[in-house]
Structure formats: structure tokens, C-alpha cells
Amino acid sequence: MVVTVLPRAPRKTGDAVTALPLPGRVVLRAGPVSAAVPLRAIVVGVLALALALSLAVISVGRGEFPIPPGAVWDVLNGEGTRAQQHILLQLRMPRVVCALLVGAALAMSGALTQTFARNPLASPDVLGVTGGAAVGAVAAIVLGGITGGILGVPFAALLGATVSAALIYVLAYKRGIDGYRLVLVGLGVGEVLSAIVSYLLVRADLVDAKQATIWLTGSVSGRDWSNVRPLAAALLVLAPLAVAAAVALRVLQFGDDTARALGLRLQTAQLAVVAIAVALAAAAVSAGGPVEFVAFVVPQIALRLCGGSRPPVIVSGLLGALLVVGADLAARIVVAPRELPAGLLTAMIGAPYLLWLLLRGTRRTIA
């Protein structure tokens, strides 16, 4: 096998062959067969995975009862003391695994929605999808007193996200989906959903309101395996579907007319991408609450690190896992002596980035 780097894609000029740039890709050839491999994306993904796992090991070892990394490895191998096994496997490990999965699901959802809408502002939290999940979950807690189970908060969050996504899609549709119209409609619907959440909290009992408020901050504190298992099962199904949807997104990013001309069933492909993105966001929000701006910021970071024309789904998921587990660790041991929700740190990162994007778009419009 001969490995060559093509700085350009083939283009005939008489008998010679020139080419166009292929940034960040290595072409592998084996006889008549060749394939372009996204080398930068692979390197970034491997580094993100290694850093996320390293932070996870550090996170499970930090606390009032410190456990060194070597002891963490011993416990995972079935060794260590009973106290270490209980603290690590029952108290800390579910929280860290939940942070990894929540970050991955939100970031993958953001990569899908931003590519689908062809707009960096389009993400589940900005578009109001996570707001719909928040309405469903808070309603389940406040009105029904439901705090868990398959038909409790997770199901209510999924239902709320689905209804809000359907409403936004219908309101934004006008002979196709325009990215900026989708963002504007999503922002408007999101404000309405935020008002509904506030109303539910005002009329709630003190205990239910406190529990709902903690959930709304976007924290993985206190999560156990009952929160992790449904999210892990959802990711096991939805992650391969998200990767498969990226094939349709390669065509959708060129516009609706081009997609139709290439034989893509536009409405079916759009609904499938939206459904996968909504399900990922709803699963993440039901497990960890609305962790702000992960789905918004991470895909754009992945795009700039990997190059290309759209946020990479897999790398976005790995970077999202890294961000949330890092934010949770920092919120516990760096920012303040008392533990803070991870969602506060991600919001501190994402809000300035949103303002920067809006200001940059305004300057381009004026120019």
C-alpha cells in the first residue's frame, strides 16, 4: 500500500492532471483502489478521547476521600478495598460516565442541526429544543410529582423536545428550510418555553420547585446508574444513526435544489436528521438537565480543529464529552470551594461565543 498526500483533487487539463485542495486529508492507494482519509479529524478525535478519559480518571479520584489513579485502576480490575469500590463504582463513576455521555450526545446533536440548517447559530439549546425538554421535565416534576422511571422525567423531556422541534419545523418551513429563519423561529419559541418553565416554577410547591431548579441548572451531580443506563442505550442506537445521517448532510449542505437534483428524498432526509438530533438532545437533557451551549460551541470548535466544510459528528461527540467532564471537574475543585453545576461553566464559555457570532454576522450584513 502506498500512502500519498494529495494537496488537490484531480482535474483534467489536456493530458495532465491538476487538482483542487483537499485540506486535512490523506489519500490511501492500494492498486486501483483509493480513499481519502481525514487525518486531522482522526488525530483530533484520538487526542480528545485520551484527554476525556484522563480527566475522567482524575475526576473519579477527587473528593473528600481521595483515590489515586493507581487505586482507580485496581478497583476497575476488581481489586481495592470495599470502601474504594463503593465510593468509586456507586458514587463517583455514574456521575463521570453521565458527564461523558451527556457531552457527547449534546455535541453530536449540535453538529447535526448546524449542518442541517447551514448556520452556526442552529443548535438544540438556541433553537428551543432543549427548552421543550425542560418544559416536559419540569411539568413532570411540578405537576405530577414524577421524579424518575421510564415514564417519568426522561419520557417527559423526550416528549417536550419532540413537540417543540415539530412546532419549530412547521413554523420555519416555507418551501424548504432557511437557516436564519429556523434560528429566528427557534429563538422565539425558546422564549415562550422559558416563560412556561417560569410559570410552572412559580406555582410549584417549594420541594418540587427546588428539585426542578436544580435540574434546570444542568448538573450531573447526584446521578446514579439509573440515569446512565437509558442514556447509554439511546447513544448506542442514535450514534450510528447520526454518523449515517452525515452522508445525507453532505448533500443537504449544498442546498435543497441541488439535493433534489442528486436524487435525495429531501423531506425524508430532513425529518430523519431532525429526529436523530432531537432524540440525542432529549436523551442528554433528561439525564443531565439542559447543560447550556455544549451543542452550540463544540461543533464549531471541532470544525476549526479538523477543517472541512461542516462540523464532524464523531469528533464533535468526543470533544463534547471532554468539555462536560472537564467543566464538571473544574466546577467541583477549581472554581469555588463549594460545588457548582457544570452547566454554569459551559454557559460562561458559550454566551460570549454567541455574542461574538452575532456581532460578526451584523458586521458582515452592514458591510
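All values below were derived from every heavy atom in this structure, side-chain atoms included, with hydrogens, water molecules and symmetry-related copies excluded.
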Asks: Can L319 and L305 be said to form a side-chain contact (heavy atoms from CB on, under 4.5 Å), step by step?
Replies: CA-CA 11 Å; L319 288 174; L305 290 177; 4.1 Å; yes
Asks: Restricting to side-chain hydrogen bond (donor to acceptor under 3.5 Å, both in side chains), what partner residues turn up for S316, sequence neighbours left out?
Replies: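 Expected list: none.
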Asks: Between Q114 and F296 (side chain of the first, backbone of the second, donor and acceptor by atom type, cut-off under 3.5 Å), is there such a pair?
Replies: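 Side chain of Q114 to backbone of F296, a donor-acceptor pair under 3.5 Å: yes, one is there.
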Asks: Using modelled atom types only, decide if a donor and an acceptor are shared between the side chain of R203 and the backbone of Y199 within a distance under 3.5 Å.
Replies: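 No, the answer is negative, given that no donor and acceptor are paired below the 3.5 Å cut-off.
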Asks: Could you list the residues that satisfy side chain to side chain contact (heavy atoms under 4.5 Å, CB included) with Q90, not counting sequence neighbours?
Replies: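 If we apply the side chain to side chain contact (heavy atoms under 4.5 Å, CB included) test to Q90, skipping adjacent residues, the hits are H86, W225.
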Asks: Write down the atom of A41, the atom of V315, and the distance for their closest heavy-atom approach.
Replies: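 Of all heavy-atom pairs spanning A41 and V315, the closest is O-CG2, 3.4 Å.
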Asks: Under the side chain to side chain contact (heavy atoms under 4.5 Å, CB included) rule, collect the residues that match up with V192, sequence neighbours excluded.
Replies: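 Listed in chain order: I196.
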Asks: Taking side-chain hydrogen bond (donor to acceptor under 3.5 Å, both in side chains) as the test, write out the residues that go with S226, two or more places apart.
Replies: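 If we apply the side-chain hydrogen bond (donor to acceptor under 3.5 Å, both in side chains) test to S226, skipping adjacent residues, the hits are D224.
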Asks: For L303 versus P311, what's the shortest heavy-atom pair and its separation?
Replies: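 It is CD1-N, 3.9 Å.
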Asks: Scan the side chains in residues 96-112 for donor-acceptor partners under 3.5 Å anywhere in the protein, sequence neighbours excluded, and list what turns up.
Replies:
unit_1: S109; atom_1: OG; unit_2: A277; atom_2: O; d: 2.7

Asks: Check the pair S164 / L193 against side-chain contact (heavy atoms from CB on, under 4.5 Å), numbers first and verdict last.
Replies: CA-CA 9 Å; S164 64; L193 296 173; 3.9 Å; yes
Asks: Which heavy atom of A204 sits nearest to which heavy atom of V142, and what is that distance?
Replies: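 Heavy atoms of A204 and V142 come nearest at CB-CG1, 3.2 Å.
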Asks: Identify the residue among T113, L235, L231 that makes a side-chain contact (heavy atoms from CB on, under 4.5 Å) with L280.
Replies: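 When side-chain contact (heavy atoms from CB on, under 4.5 Å) is applied between L280 and each of T113, L235, L231, only L235 qualifies.
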Asks: Show which side-chain atoms of residues 284-291 pair as donor or acceptor with protein atoms under 3.5 Å away, not counting sequence neighbours.
Replies:
unit_1: S286; atom_1: OG; unit_2: A282; atom_2: O; d: 3.2
unit_1: S286; atom_1: OG; unit_2: A283; atom_2: O; d: 2.8

Asks: Is there a path of hydrophobic side-chain contacts, each under 4.5 Å between heavy atoms, that joins V228 and L91?
Replies: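 Linked within one cluster.
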Asks: Report the residues that fulfil side-chain hydrogen bond (donor to acceptor under 3.5 Å, both in side chains) with S59, sequence neighbours left out, ordered by chain and then residue number.
Replies: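 Checked S59 against side-chain hydrogen bond (donor to acceptor under 3.5 Å, both in side chains); matches are R332.
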Asks: Would you name the heavy atoms of L216 and A134 that are closest together and state the gap between them?
Replies: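 Minimum heavy-atom separation between L216 and A134: CD2-CB, 3.8 Å.
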Asks: For the CD1 atom of I168 and the CG atom of L184, what is their distance to the nearest 0.5 Å?
Replies: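 Answer rounded to 0.5 Å: 12.0 Å.
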Asks: Quick check on I314: does its CD1 atom have over 12 non-hydrogen neighbours (other residues, nucleotides or ligands) under 6.0 Å away?
Replies: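 At most 12 heavy atoms, drawn from other residues, nucleotides or ligands, come within 6.0 Å of this atom.
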Asks: I would like to know whether V297 and L323 meet side-chain contact (heavy atoms from CB on, under 4.5 Å); could you show each step before the answer?
Replies: CA-CA 10 Å; V297 174; L323 175 61; 5.6 Å; no
Asks: Looking at every heavy atom in both A212 and V138, which two are closest together, and how far apart are they?
Replies: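 Heavy atoms of A212 and V138 come nearest at CB-CG1, 4.2 Å.
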Asks: Name all residues meeting the side chain to side chain contact (heavy atoms under 4.5 Å, CB included) criterion together with L49; count only those two or more places apart in sequence or in a different chain, and write none if there are none.
Replies: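 L49: side chain to side chain contact (heavy atoms under 4.5 Å, CB included) contacts with L53, L318.
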Asks: Using side chain to side chain contact (heavy atoms under 4.5 Å, CB included) as the criterion, list what pairs up with L171, not counting sequence neighbours.
Replies: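 Scan of L171 (side chain to side chain contact (heavy atoms under 4.5 Å, CB included), adjacent residues dropped) gives L167, V185, V189.
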